[in-house]
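What follows is one structure encoded as structure tokens, with my remarks underneath.
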Amino acid sequence: MSIVYIALSVDFIHPGHLNIIEKARELGDVVVGLLTDEAISSYKRLPSLEYDQRKKIIENIKGITKVIPQKTLDYTDNLRSLKPSFVVHGDDWKMGPQQSVRLKVIDTLNEWGGKLIEPAYSTGFSARDINEEFSTETNTPDLRRARLRRLINAKDIVKILEVHNGLTGLIAEKTKVTDATVQREFDGMWISSLTDSTAKGKPDIELVDITSRLNTINDILEVTTKPIILDGDTGGRPEHFIYLVKTLERLGVSAVIIEDKKGLKKNSLFGTSVKQTQDTIEEFSNKLILGKQAQATKDFMIIARIESLILEMGMEDALTRAKAYIQAGADGIMIHSKSTTADEIKEFARKFAGFDQRVPLIVVPTTYNYITEEELSQLGVNVVIYANHLLRSAYPAMQKTAETILKHHRSLEVNDFCMPIKEILHLIPGGN
Ligand code: SPV
Ligand code: MG
């Protein structure tokens, strides 16, 4: 029998897939190249189901001989090792982002006289609508919580955007930019202490208590599906931190980042212009250990944030602390800097890459924001957090509107920079 190859990602099976599989079955023994998380996340959103779950579904479909991983969007490696007589794919990829992948498949098949078969791709419904519906319906706390680790494993760099309420959550959830080959979107959300406090008109000094922060988290959880990283400030007293860990896990938050400061915490970007005290390595490690012991799932992450560079304690201190916190069980290290150049972050990242025991590295390029995601990824950074930009862009816009109304004794002049009433009425579906 001839070998017939199909590549699938399948979060769910729809008639379009079954048409392809039926066609392939007529031609020979069907081998499915199941796209890994890594392959899928290189061009679109991570699927709701993990690779092994998707594999199980495909293996149980009639007429599938074998399921193997396809680790890139590019078919070449799998095709060269299998040398199938046929590849079957719906004709929908002749247009759009997969055009170049298709041409490469044709070239590769030509090496041994294989053929590309392209049945008409007509499902009668929108796979995209189903996908969006599906990701909301299957968004249990367990699935959401686990998604951050999956993303870190699958992607060169994970992109996280600051959110501080349901509406900004929706922006992080839905904003997409598409170019010729990929669709770009944010991977998850950062609930910043600075912007959560500022949005409430309060200073960023751990004054907004956990109950209030949990309300913000809940508002965001209700309308989004992407993973959440909470800015946990200092984590508070170890006895309180234990409760925070358990609560966040239960809600489906993926990670908490706590910083190694104690006493009255001030925002890091004040640096040494205000009094701030760094915790001792022993005390902070102890907090991490207690947090890890309190954790019930394997997926939740407790990330240690090092303030040595912020407090001008030096690179050696930062590196010593990173080693100690990893030893204490930290699932990731966030290294913060308020420098306007990326030099100290680069130096830290290079030395961190040489550690025997390595965990994901997280950075917050607010002051050194000329650096690109590509450069950060090359330095070995796993997660980049855009920590405050939605609130910082909203405030000047609102201020301008308030001033314009005062100036003109009416609101006509703000029309140009306000969204139309019709648009805001339809912004959130379900209101009419
Ligand atoms: C926050 O966003 O609240 C942070 C990052 O902790 S920073 O403001 O840079 O300290
Ligand atoms: Mg903060």
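We count ligands from 1, going down the list as the structure has it; atoms in each ligand are counted the same way. The first residue of the sequence shown is numbered 1, and numbering continues consecutively from there.
Distances shorter than 4.0 angstrom do not occur between any heavy atom of N388 and any atom of ligand 1. Ligand 1 does not have E162 within reach: every non-hydrogen atom of the residue lies 4.0 Å or more from it. Residue contacts with ligand 1: E259 is excluded, as none of its non-hydrogen atoms falls under 4.0 Å. T366 does not count as a contact of ligand 1, since none of its heavy atoms falls under 4.0 Å from the ligand.
The protein atom (non-hydrogen) at minimum distance from atom 6 (O) of ligand 1 is R305 NH1, 2.7 Å.
Within the listing of ligand 1, atoms 7 (S), 8 (O), 10 (O) sit less than 4.0 angstrom from a heavy atom of N267. Listed by number with element, the atoms of ligand 1 under 4.0 angstrom from any heavy atom of H336 are 7 (S), 9 (O), 10 (O).
With respect to the salt-bridge test (charged N to carboxylate O, under 4.0 angstrom), the residues D187 and K226 do not qualify. Between E185 and R45, at least one side-chain nitrogen of the basic residue sits less than 4.0 Å from a carboxylate oxygen of the acidic one, meeting the salt-bridge criterion. One finds a salt bridge joining D37 and R54 here, because a Lys/Arg side-chain nitrogen approaches an Asp/Glu carboxylate oxygen to under 4.0 Å. Here R321 pairs with D260 in a salt bridge; the nearest charged N to carboxylate O distance falls below 4.0 Å.
Counting heavy atoms from C-beta outward, V87 and I106 have side chains that stay 4.5 Å or more apart.
For the pair L376 and P365, the tightest heavy-atom approach, listed with the atom from each and the gap, is CD1-CG, 4.2 Å.
An N or O contact shorter than 3.5 Å links L194 to ligand 1 by distance. The shortest N or O to N or O distance between T195 and ligand 1 is not under 3.5 Å. Among the atoms of W190, some N or O lies under 3.5 angstrom from an N or O of ligand 1.
You'll find the ring centres of Y75 and W93 inside the 6.0 Å limit.
Taking the Mg ion (ligand 2) as the corner point, the angle from D231 atom OD2 to S193 atom OG is about 90° (rounded to 10 degrees).
Using bins of under 30°, 30° to 60° and over 60° for the plane-to-plane angle, the ring pair Y386/F186 lands in the perpendicular bin.
The proximity of K338 to ligand 1, defined as any non-hydrogen pair under 4.0 Å, does not occur for either the backbone or the side chain.
The Mg ion (ligand 2) has no N, O or S atom of D233 inside 2.8 Å of it.
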